[in-house]
Amino acid sequence: MNQHRVQDMMQLMASRIDAIADHISDQEVSAFISELLNAKRIYVMGAGRSGLVAKAFAMRLMHLGMTSYVVGETITPALQKGDLIVVLSGSGKTKTIIEIVQTAKEIGGRICLITSNPDSSIGKIAVSTVMIENYRDNIPDESREYDTRQMLGEHRSFAPLGTLFETAAMTFCDAVISRLMEITQTDESELKGRHANIE
Ligand SMILES: O=C([C@H](O)CO)[C@H](O)[C@H](O)COP(=O)(O)O
């Protein structure tokens with residue numbers, strides 16, 4: 001079995017995220033940021049690792065001074081018409097998420113989807129979709145700028161399952177927060193002041 005330095009894997013991941021960022025549409029990002037800025041309340045959700053990214057994003061929105069909640073937490077209040085729901089789902093096909101999104105839509109929520117699969121059923125009802133390309137699935141090995149078979153050998157150990165989506169989505173959400181800090185002219189000390197002081 002091939003052995004590789006963890007640092008090389010990290011660099012390969014960074015280069016993949018670089019390529020993914022290049023393919024994210026400016027229009028999709030602008031529409032998403034407008035939705036965030038216009039929302040009174042922002043609900044964020046996802047399953048598994050996508051859900052962990054969702055939680056990290058909700059925390060930063062709170063640090064920014066926005067009203068944000070994580071769907072499924074015990075103290076999350078009832079969704080109301082006009083509330084925004086930011087959904088992170090690489091596949092766009094996770095059944096529990098589809099069901100919650102359908103209910104949110106019936107209540108009158110505005111759905112924003114961050115995904116690798118904009119043609120999914122969630123994508124079809126979302127008011128805004130940001131496609132975070134799943135580089136591994138969408139680009140044939142031969143045409144990749146970096147061929148993981150050459151770098152890592154036939155034994156595929158690089159970025160299993162949804163890792164590329166989840167890591168790229170985390171980076172994307174953090175970049176959105178930086179952009180929102182610029183737009184709202186919020187500096188880091190304000191974020192720090194809102195960070196939990198009993199954790
Ligand atoms: O936890 C996950 C799994 O490890 C894939 O890497 C996913 O985030 C989870 O299964 C949710 O999937 P998606 O809705 O397709 O993001």
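Start at 1 and go down the list; that is how both ligands and their atoms are numbered.
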Query raised in the report: Is there side-chain contact between Phe158 and His4, with at least one heavy-atom pair below 4.5 Å?
Result: no
Query raised in the report: ligand 1 and Gly90, any nitrogen or oxygen pair closer than 3.5 angstrom?
Result: yes
**Report entry** CD (Gln7) with more than 12 external heavy atoms under 6.0 Å
**Finding:** yes
Report task. Report yes if Gly162 has an N/O atom closer than 3.5 Å to an N/O atom of ligand 1; otherwise report no. Result -> yes
Query - Numbered atoms of ligand 1 (with element) below 4.0 Å of Thr94, judged on heavy atoms - result: 11 (C), 12 (O), 13 (P), 14 (O), 15 (O)
Query raised in the report: Got Ser25 and Phe32 here, is their nearest side-chain heavy-atom distance under 4.5 Å?
Result: no
Query raised in the report: Any idea which protein heavy atom is nearest atom 15 (O) of ligand 1, and the distance to it?
Result: Ser91 OG, 2.6 Å
Query - Location of contacts on Glu166 toward ligand 1, heavy atoms closer than 4.0 Å - result: side chain
Report task. Pull out every atom of ligand 1 sitting under 4.0 Å from any heavy atom of Leu161, numbered as shown with elements. Result -> 5 (C), 6 (O)
Query raised in the report: Is at least one protein non-hydrogen atom found at under 4.0 angstrom from atom 10 (O) of ligand 1?
Result: no
Report task. Begin from the C-alpha positions of Val44 and Lys55 and carry the test side chain to side chain contact (heavy atoms under 4.5 Å, CB included) through to its verdict. Result -> CA-CA 7 Å; Val44 184; Lys55 285 185 175 182; over 6 Å; no
Report task. Give a yes or no on whether Asp26 atom CG has more than 12 heavy-atom contacts from other residues, nucleotides or ligands under 6.0 Å away. Result -> no
Query - Beyond-backbone contact of Leu36 with Val176, side-chain heavy atoms, under 4.5 angstrom - result: yes
Report summary line: Here the atoms of ligand 1 under 4.0 Å from any heavy atom belonging to Ser50 are 8 (O), 13 (P), 16 (O)
Report task. Output, in order, the C-alpha distance, side-chain angles, deciding distance and verdict of side chain to side chain contact (heavy atoms under 4.5 Å, CB included) for Tyr43 and Val70. Result -> CA-CA 6 Å; Tyr43 288 68; Val70 174; over 6 Å; no
Report task. Check each atom of ligand 1 against the heavy atoms of Arg49 and keep those under 4.0 Å away; list them by number with element. Result -> 1 (O), 2 (C), 4 (O), 7 (C), 8 (O)
